[in-house]
Amino acid sequence: MTPTTPFPRHLETLLRSCCAGHHLRPLFARLIVAGLVRHPLALRRLVELLALAANHPAAPLLARPLSHLYFRLAPASTTFLYNLLIRAFSRSRHHPTESLVAFSSLLRHGGRSLPDRFTFPFLVKASSNLNSPFEGQQIHSQVLKRGFQSDVYVVNTFLSMYSSFGDLASAQKLFDSSSEVLDVVSWNTIIDGYVKSGAVEVARRHFDEMPVRNEVSWSAIISGYAGKGELDMAQSLFDRMPVGRNIVTWNSMISGFARHGLLPLARKLFDEMPVRNVVSWNSMVSGYAMNGEMDLAMELFDLMPERDVVSWSCMISGYAQINWYMEALQIFKRMQLESSVKPNEVTMVSVLSACAHLAALDQGKWVHAYIDKNHMTLDDDYNLGAALIDMYAKCGSMETAVELFHALARKNVSSWNALITGLAINGAAHESLEAFERMQRSGPKSNGITFLGVLTACTHGGLVDEGRWYFENMSKVYGVQLEMKHYGCIVDLLGRAGFLEEAEGIVRSMPMKPDVMVLGALLGACRIHRDIRIADRIRCQVLNLKPQQSGCHVLLSNIYAAAGRWDDALEMRSLLKQSGIRKEPGSSSVELDGVVYEFVAGDCPNPEASTVYSWLDEMGRKLRSLGYLPVTEDVLLDLDEEDKETCLSRHSEKLALAFALLRATPQSTIRIVKNLRICGDCHLFIRHVSKLYPQQILVRDRIRFHHFKGGFCSCKDYW
DNA sequence: TACGTTCTGT
């Protein structure tokens, strides 16, 4: 069949007008019936359509059957068509593997068609997307067999591939053995490879040695120094660039300054630069966001002439990082309402994290549906799967989280970690440890975060011996290095269980200086067990901490207050005041019909206030007649008993509970999230309330979950 | 068809 074979006009029109959607299959059927499916015109258009299909939302459904259909026709096709196909799939987020399948089909069935110099770059792109060094090496050996070693395009392609895998040894080997053909792109590629793997000095040696430099060489080495925080060096290279500085070098400098907290310098460059693009704006906005300066970030964001998905993601993750989760979700909402920019995987990870922290299950489910509808993959490098598991776990829907985990095609460390941690915070300590053991047998190697989950499980289950064992064997048996956070966990575990001296011993023998979390865990234990001696002993260390985090000072003050040492308590408070730090106010949130409502202690938003207060008062009376006695010993102000009770009855979690119960249907589950730890009285109160109401009540505090039902709590009153 | 800048979290 040749291009001159007549092709019916109506089929040709159909072929041209067909777009990569569901019409492809019927079109195929008609071509087969007409005996024209191998016609060069049909094949060419077919591959173009496949190329479209590869990025089409329906691609996961279409791409595979279509490509298989295509392979049946393979003997008739040319290298050119194969390359089109390979390129189509190499760009596909969903099926980069199909590229490799197409390649091996070309090798097997290509007949006289052989891979050419254009075949390999696409293949390499696919294998980089797959993060598959093995396939990459296979392809490289094919290249060597077919004598492309003197083609500089092909060489550069593989240099870039090895660099992207972080395999600088192979890259360097190829570089050295290709010295005849190297061009400036080869040099730039290997320089960037070293920069990306953190070896700026090696990159610099190549940079100094290279015969000819272009703008890209300069921006690569500058971004190397800027990214590492060697900003003086970056600046001096930037100042003496012989070829014209371009936007990319300016942007590298801005982001270098910004990500190392030198915001005024970054801003100065940003203001001075002659032309800005969206990346310049994003670098500046993300600099502010990364450093917690969300007001400035927002100010600039609002001024942006155009915003892309990165701009929006910066703002969302920025708010999430300073724990302003409601604001993060609001920005996401704004993104959907006022822009045509589509969220990507990174956006979704940040949004899910915000939903998780707010226990905003309805919104989390919406995001899940969106991810499915847009065929985002759950097991890629962004760990969307882990983010979803984490979201469901933190919303108390552990069953869904577990189902999701099992449904994941590829499970990596993050997915296992999300499962283990999820089970741990939901009080399923044994299941969590079982999951960990399964992971050892048949899963990926565990990392530091895995052990945070394991130790958390032990803490919440009161499994002191197990916790000790895992802590002691973490590095010996599992080869995972102990970090500050693990010390925090073990101190919490031992302290909570009453082994305060042992916990204190660990704090004293730590190889690093204990941080807020570690000392806070010990102080928390002192508070639970009313141990004022240890609190006194570590008081100095606490006061030496950077005062930014008020948590420890507040805890100390509370410990003194609980022991009746009001003077010491006041001293702590005034210390806090002097340094201008404010205690993080207790707040709780609850989601109803997809809307998150937030409550601060003693302050219920109108118009519900009076109903909420009278419900609480009435409930307090009712419960007291059923045996509930307010736990006033945790009230840390110097008040008389009655005032203490009033103070308790306005705690934020009680306000949220009242608000939710007043509106909820009997079938609903009430999810309350508190930013601090639930207090003893609220815990007791809610346990009693759960006897009177059919709804399942979940309270997630800073530490863990409490599932209340029928007068009991899943934590068995141990927390 | 190959090289440089911006966004994830546990």
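Note on naming: letters A, B, ... go to the chains in the order of the sequence lines (proteins, then strands), and numbering restarts at 1 for each one. Please read all numbers here as calculations on a predicted model, not as lab measurements.
Atoms CZ (A:Phe158) and C1' (B:dT1) sit 12 Å apart, rounded to a whole Å. With rounding to whole Å, A:Asn214 atom CG is found 9 Å from B:dG4 atom C1'. The CH2-C1' distance, from A:Trp312 to B:dT6, rounds to 16 Å in whole Å. What separates CH2 of A:Trp218 from P of B:dC3 is a distance of 22 Å, to the nearest Å.
Comparing atom distances between the A:Asn417 side chain and each of B:dG4, B:dT10, B:dC3 picks out B:dT10 as nearest. The listed nucleotides are B:dA2, B:dC7, B:dT8; the one nearest the side chain of A:Ser160 is B:dA2. For A:Val185, taking side-chain heavy atoms from C-beta onward, the closest of the listed nucleotides B:dT8, B:dC7, B:dA2 is B:dA2. Of all nucleotides listed (B:dA2, B:dT5, B:dC7), B:dC7 comes nearest to the side chain of A:Val346. Nearest nucleotide to the A:Pro121 side chain, out of B:dC7, B:dT1, B:dG4: B:dT1. Listed nucleotides: B:dT8, B:dT6, B:dA2. Nearest to the side chain of A:Thr157: B:dA2. You'll find that the side chain of A:Thr421 is closest to B:dT10, out of B:dT10, B:dG4, B:dT5. For A:Ser317, counting side-chain heavy atoms from C-beta on, the closest listed nucleotide (B:dC3, B:dT1, B:dG9) is B:dG9. Taking only side-chain atoms of A:Phe122, from C-beta outward, the nucleotide of B:dT8, B:dT1, B:dG4 with the closest atom is B:dT1. Ranking B:dT10, B:dC3, B:dC7 by closeness to the A:Asp192 side chain, first place goes to B:dC3.
Taking the charged nitrogens against the carboxylate oxygens, A:Asp701 and A:Lys394 have no contact shorter than 4.0 Å, which rules out a salt bridge. With respect to A:Asp151 and A:Arg146, no salt bridge is recorded, no charged nitrogen being found less than 4.0 Å from a carboxylate O.
A:Asn447 comes within 4.0 angstrom of no nucleic acid atom, judged by non-hydrogen atoms across all strands. When heavy atoms are screened at a 4.0 angstrom cut-off, A:Asp183 is found touching base atoms of the nucleic acid. Residue contacts shown for A:Ser414 include a base, since a base heavy atom lies under 4.0 Å away. Backbone-only contact: A:Met290 has heavy atoms under 4.0 Å from sugar-phosphate atoms and none from a base.
Between A:Trp416 and A:Phe436, the distance from one ring center to the other does not fall under 6.0 angstrom.
A:Val152 is not listed as a side-chain neighbour of A:Leu182, based on a closest heavy-atom distance of 4.5 Å or more.
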Task: Worked check of side chain to side chain contact (heavy atoms under 4.5 Å, CB included) between A:Leu263 and A:Phe257 - done: CA-CA 6 Å; A:Leu263 295 170; A:Phe257 282 127; over 6 Å; no
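Within the 4.0 Å cut-off from OP1 or OP2 of B:dG9, at least one side-chain nitrogen or oxygen of A:Gln321 is found. Taking side-chain N and O atoms only, A:Arg259 has a distance below 4.0 Å to OP1 or OP2 of B:dT6. Considering only side-chain N and O atoms, A:Lys196 lies nowhere under 4.0 angstrom from the phosphate OP1 or OP2 of B:dC3.
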